[in-house]
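Report on one structure; see the data block that follows.
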Amino acid sequence: MSVQVTVICMLRPLEVPFRYLFGPGPSNVPPRVLAAGGRGIIGHLHPEMYEIMNDIKKGIQYAFQTQNNMTIAMSGSGHAAMECAVFNTVELGESVLVAVNGIWGERVAEIAERMGANVHIMVKAPGGVFSNGEIEKALAKHKPVLFFLTHGESSAGLAHPVDGIGDLCRKHNTLFLVDTVASLGASPIFMDQQNIDILYTGSQKALNAPPGTAPISFNERACQKMFNRKTKPVSYLFDMAHLSNYWGNDGQPARLYHHTGPVSGFFSLRESLAILAEKGLEESWRHHKEVAGYLWKGLEDMGLKLFIQNKDLRLPSVTTIAIPEGYNWREMLQYIMKHHNMEMTGGLGPSTGMVSVRGMLKF
């Protein structure tokens with residue numbers, strides 16, 4: 001009986017409602033990017049696909065503001081890049097330091113712990129900022145091979161300052177890993193200038209592409225650690241020794257089969273990076289800041305309180321609103337979805353129940 005019910009449901013046409021996606025991601029995808037993803041499939045090892053992948057690499061280098069050769073797009077969400085970064089640069093028993101002020105630090109700490117690292121955490125309440133002095137003190141104490149910080153903490157709506165931290169990590173012989181999934185394209189980041197060793201993002205936020213691809217870049221310091229390890233990474237799929245060849249970054253004359261990449265996802269990602277290049281990073285940053293400021297003023301004029309009080313620390317792509325006392329945040333968000341087709345979300349991880357999260361409609 002259950003098998004028959006399943007068959008009948010699959011005979012119905014696919015129905016997908018239209019929603020205004022004002023959550024922290026994914027965002028509404030522009031027609032141009034949707035059209036790119038709808039193009040005919042080609043083989044993932046065709047020369048034309050390699051050319052598209054080369055374009056993607058150049059687009060990521062521009063978005064990250066880096067000249068790193070070891071720049072690729074992971075086949076998977078931002079979590080794929082997150083795991084790739086940790087799995088490739090950390091070995092069993094090595095010390096890892098994680099700044100936890102929201103859900104993404106928690107995730108990296110768990111990933112590193114699962115693969116056998118000696119994990120140390122610095123903890124702040126959601127939206128809290130770590131001073132460079134606090135970071136250096138922890139670096140000196142724990143002597144980690146890797147330090148993780150979230151630049152755009154979407155669970156709190158925080159854009160964490162990055163300047164100077166890369167210099168501290170070099171001083172203490174530590175790799176600096178930064179998450180920009182919620183911030184890339186919306187808030188300034190300069191990978192090379194800020195001495196970030198590993199940087200990653202996701203396709204579905206301010207890059208405005210469908211979920212499923214995750215740009216990541218490793219500089220020479222990271223590559224030295226990554227390709228001179230004593231043991232193989234715990235993941236075959238995320239092994240950069242194979243992925244570097246798949247993306248044509250290892251200097252070998254031929255790209256060998258490793259896995260089947262998300263062809264349509266790469267089409268979409270390339271188009272979104274092309275739009276960013278046409279618009280210009282500075283204009284994208286300016287536009288997000290301007291529209292975010294308009295939103296913040298409107299919310300405050302309504303009597304609502306923003307969770308991040310310091311405007312300079314607010315994430316332009318994700319605005320968090322402190323839940324008014326006496327209101328049930330789940331009921332409010334359900335009402336908005338039911339009557340206005342607008343997606344907003346509650347907090348994530350440690351900020352659950354503290355805020356409602358509103359991303360910006362992308363342009």
Side-chain angles (χ1 to χ4, degrees), residues 64 66 68 70 78-126 128-153 158 160-181 189 191-201 216-235 238-241 349-350:
F64 284 7
T66 184
N68 293 338
M70 201 57 64
H79 280 79
M82 183 186 288
E83 293 202 335
C84 176
V86 176
F87 288 167
N88 281 278
T89 58
V90 180
E91 295 192 71
L92 183 69
E94 289 185 324
S95 176
V96 172
L97 178 64
V98 180
V100 179
N101 58 346
I103 189 173
W104 307 119
E106 289 183 340
R107 292 284 171 90
V108 169
E110 181 173 347
I111 288 168
E113 185 179 64
R114 286 187 178 207
M115 58 81 58
N118 183 16
V119 180
H120 308 278
I121 60 173
M122 305 171 61
V123 181
K124 295 273 188 181
V129 175
F130 300 91
S131 71
N132 286 17
E134 290 173 316
I135 292 171
E136 180 164 29
K137 183 177 179 181
L139 290 172
K141 177 180 179 181
H142 300 296
K143 299 177 173 56
V145 299
L146 184 74
F147 171 60
F148 171 85
L149 179 76
T150 308
H151 176 237
E153 180 50 73
L158 174 75
H160 198 290
V162 173
D163 286 343
I165 300 175
D167 298 332
L168 295 176
C169 287
R170 294 198 173 192
K171 176 182 176 182
H172 292 274
N173 196 29
T174 299
L175 295 177
F176 185 27
L177 168 63
V178 177
D179 179 314
T180 64
V181 171
I189 196 82
M191 185 174 187
D192 290 354
Q193 182 180 319
Q194 294 172 313
N195 285 331
I196 298 170
D197 298 297
I198 312 164
L199 187 74
Y200 68 84
T201 193
I216 187 170
S217 182
F218 300 81
N219 68 8
E220 283 299 319
R221 291 182 75 238
C223 287
Q224 283 294 320
K225 176 71 168 71
M226 184 163 59
F227 295 129
N228 290 284
R229 50 187 299 140
K230 298 175 183 177
T231 59
K232 293 182 179 180
V234 296
S235 170
F238 297 156
D239 188 340
M240 281 299 298

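Small disclaimer: the values here were computed from a predicted structure and weren't measured.
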(request) Only one of Lys143, His142, Glu136 passes side chain to side chain donor-acceptor pair (under 3.5 Å) with His172; say which it is. (result) Glu136

[X] vs [Y] side-chain heavy atoms within contact, under 4.5 Å:
X: Leu175; Y: Cys169; result: no
X: Asn101; Y: His160; result: yes
X: Ser217; Y: Met191; result: yes
X: Arg229; Y: Val90; result: no
X: Arg170; Y: Arg221; result: yes
X: Val178; Y: Ile198; result: no
X: Phe148; Y: Val86; result: no
X: Lys232; Y: Phe87; result: no

(message) Let's go through Lys225 and Glu94 carefully: what are the C-alpha distance in whole Å and the side-chain angles of both, what is the deciding distance for salt bridge (Lys or Arg N to Asp or Glu O under 4.0 Å) to 0.1 Å, and is it a yes or a no?
(response) CA-CA 12 Å; Lys225 176 71 168 71; Glu94 289 185 324; 2.9 Å; yes

(message) Under 3.5 Å, is there a donor on one side chain and an acceptor on the other for Thr66 and Asp192?
(response) yes

(message) Hydrogens and angles aside, do Asp167 and Asn195 bring a side-chain donor and acceptor to less than 3.5 Å of each other?
(response) yes

Which pair of non-hydrogen atoms, one from [X] and one from [Y], has the smallest distance, and what is that distance?
X: Leu158; Y: Gly128; result: CD2-O, 3.6 Å
X: Leu139; Y: Pro144; result: O-CD, 3.6 Å
X: Gly105; Y: Val98; result: O-CG1, 3.2 Å
X: Gly78; Y: Val181; result: CA-CG2, 4.3 Å

Heavy-atom donor-acceptor pair, [X] side chain to [Y] backbone, under 3.5 Å:
X: Thr150; Y: Glu153; result: no
X: Glu113; Y: Val119; result: no
X: Asn88; Y: Pro233; result: no

(message) Counting neighbours of CZ on Arg114 that are heavy atoms of other residues, nucleotides or ligands and sit closer than 6.0 Å, is the number greater than 12?
(response) no

(request) Using a cut-off of 6.0 Å, state whether more than 12 heavy atoms not belonging to Glu134 lie near its atom CD. (result) yes

Nearest-0.5 Å distance that lies between atom [atom1] in [X] and atom [atom2] in [Y]:
X: Met82; Y: Ile216; atom1: CE; atom2: CD1; result: 10.5 Å
X: Ser131; Y: Lys137; atom1: OG; atom2: NZ; result: 10.0 Å
X: Thr180; Y: Ile196; atom1: OG1; atom2: CD1; result: 8.0 Å
X: Leu199; Y: Asn68; atom1: CG; atom2: CG; result: 9.0 Å
X: Gln224; Y: Glu220; atom1: CD; atom2: CD; result: 6.5 Å

(request) Check step by step if side chain to side chain contact (heavy atoms under 4.5 Å, CB included) holds for Leu149 and Phe176. (result) CA-CA 8 Å; Leu149 179 76; Phe176 185 27; 4.0 Å; yes

(request) For Tyr200 and Asp179, run side chain to side chain contact (heavy atoms under 4.5 Å, CB included): C-alpha distance rounded to whole Å, both residues' side-chain angles, the deciding distance at 0.1 Å, then the answer. (result) CA-CA 6 Å; Tyr200 68 84; Asp179 179 314; 2.7 Å; yes

(request) Evaluate the side chain to side chain contact (heavy atoms under 4.5 Å, CB included) criterion for residues Leu97 and Met122: first the C-alpha distance (whole Å), next the side-chain angles of each, then the deciding distance (0.1 Å), finally the verdict. (result) CA-CA 7 Å; Leu97 178 64; Met122 305 171 61; 3.7 Å; yes

(request) Name all residues meeting the side-chain hydrogen bond (donor to acceptor under 3.5 Å, both in side chains) criterion together with Asn132; count only those two or more places apart in sequence or in a different chain, and write none if there are none. (result) none

(message) The test is side chain to side chain contact (heavy atoms under 4.5 Å, CB included); show your working for His151 and Gln194 and say whether it passes.
(response) CA-CA 12 Å; His151 176 237; Gln194 294 172 313; over 6 Å; no

